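The structure appears below as structure tokens.
What you see is a predicted model, and the numbers here were worked out from it, not measured in a lab. As the structure lists them, so they are numbered: ligands from 1, and atoms in each ligand from 1.
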Amino acid sequence: MRKFLCAGNWKMYLGPLAAKHFGDELRTALLEKGEMERAVREGAMELALMPPFVSITSLRQALGDLPVALGAQNCHGEVQGAFTGEISAPMLSEVGCDYVIIGHSERRHVFGEQDDVMAKKIRAVLTEGMTPVFCVGELLLERDKGETLSVLERQMRAVLPHVTAQEMSTRLVVAYEPVWAIGTGKVASENDAQEACRYLRGLVAAAGGVEAGDQVRVLYGGSVKPENASGLARQADIDGFLVGGASLKPESFLGIARAALA
Ligand code: PEP
């Protein structure tokens, strides 16, 4: 059984103080509406939040023993070195991260990260015992040219040879995030999202075997909101969401998780 993962990418929003307020509010909301806390504690759903680096510790303190995992939005592939402005995987592990997003479209398209750095980052995350959330997705132009599947294949081919079948089964998370749907309010149709996620699962199966394909979690990301979450969550190959804007308020983040459970 693949556990549904609802993960929030805060991007460059919510500093340490705002993260503390968020954590306090999330605690109140989770405890008031006991059914969500129970679902998470009983393993029906997993919640994770990826704040900016400087907010990780304050969010962790505010969340206390709430069953919410923490993650980061990026890391460097080396353990340490003269890489001004970068953060390494061991540093993220030390502050309590379980997840690290790799290859987010904003890293690829705003900061120019290419396919060739992804494998090293993923290896760094896996080596530290954390879980990479590897993002792939096509630009609108690529979609219009009918290149969606070949783009996904190219992006996956850059990393799959560097991940063992066992890691694919137990740790790897892939997030299908069509670039045209991120932060635009334009969500992929349920059918298109399902088809892309199914295709990604097939690529993992081809690289790591049937079990890896069955077990790997594939998320959808791109303008997920409480209003569109339940139809997407019902798709056979969608095992969770990577949520940007709607994860910045406890109410909408939990609204998405609740809609997915319904
Ligand atoms: C994201 O940042 O990964 C994302 C999917 O953003 P949004 O939900 O705002 O589209």
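- Every protein residue with a heavy atom nearer than 4.0 Å to ligand 1 is included here: Asn9, Lys11, His104, Glu177, Ala181, Ile182, Gly183, Gly221, Gly222, Ser223, Leu242, Val243, Gly244, Gly245.
- Applying the side chain to side chain donor-acceptor pair (under 3.5 Å) definition to pairs two or more places apart or across chains, those involving residues 11-20 are Lys11-Glu106, Lys20-Asp24.
- When ring centroids are compared, Phe4 and Phe241 come within the 6.0 Å threshold.
- Under a hydrophobic clustering in which Ile, Leu, Val, Met, Phe, Trp and Tyr are joined whenever their side-chain heavy atoms come within less than 4.5 Å, directly or via other members, Met50 and Ile256 fall into different clusters.
- Between Phe22 and Phe253, the two ring planes are tilted [angle within 30° to 60°].
- Not a single side-chain hydrogen bond (donor to acceptor under 3.5 Å, both in side chains) links Arg234 to another residue, sequence neighbours left out.
- Pairs engaging residues 81-95 under the side chain to side chain donor-acceptor pair (under 3.5 Å) rule: none recorded [sequence neighbours left out].
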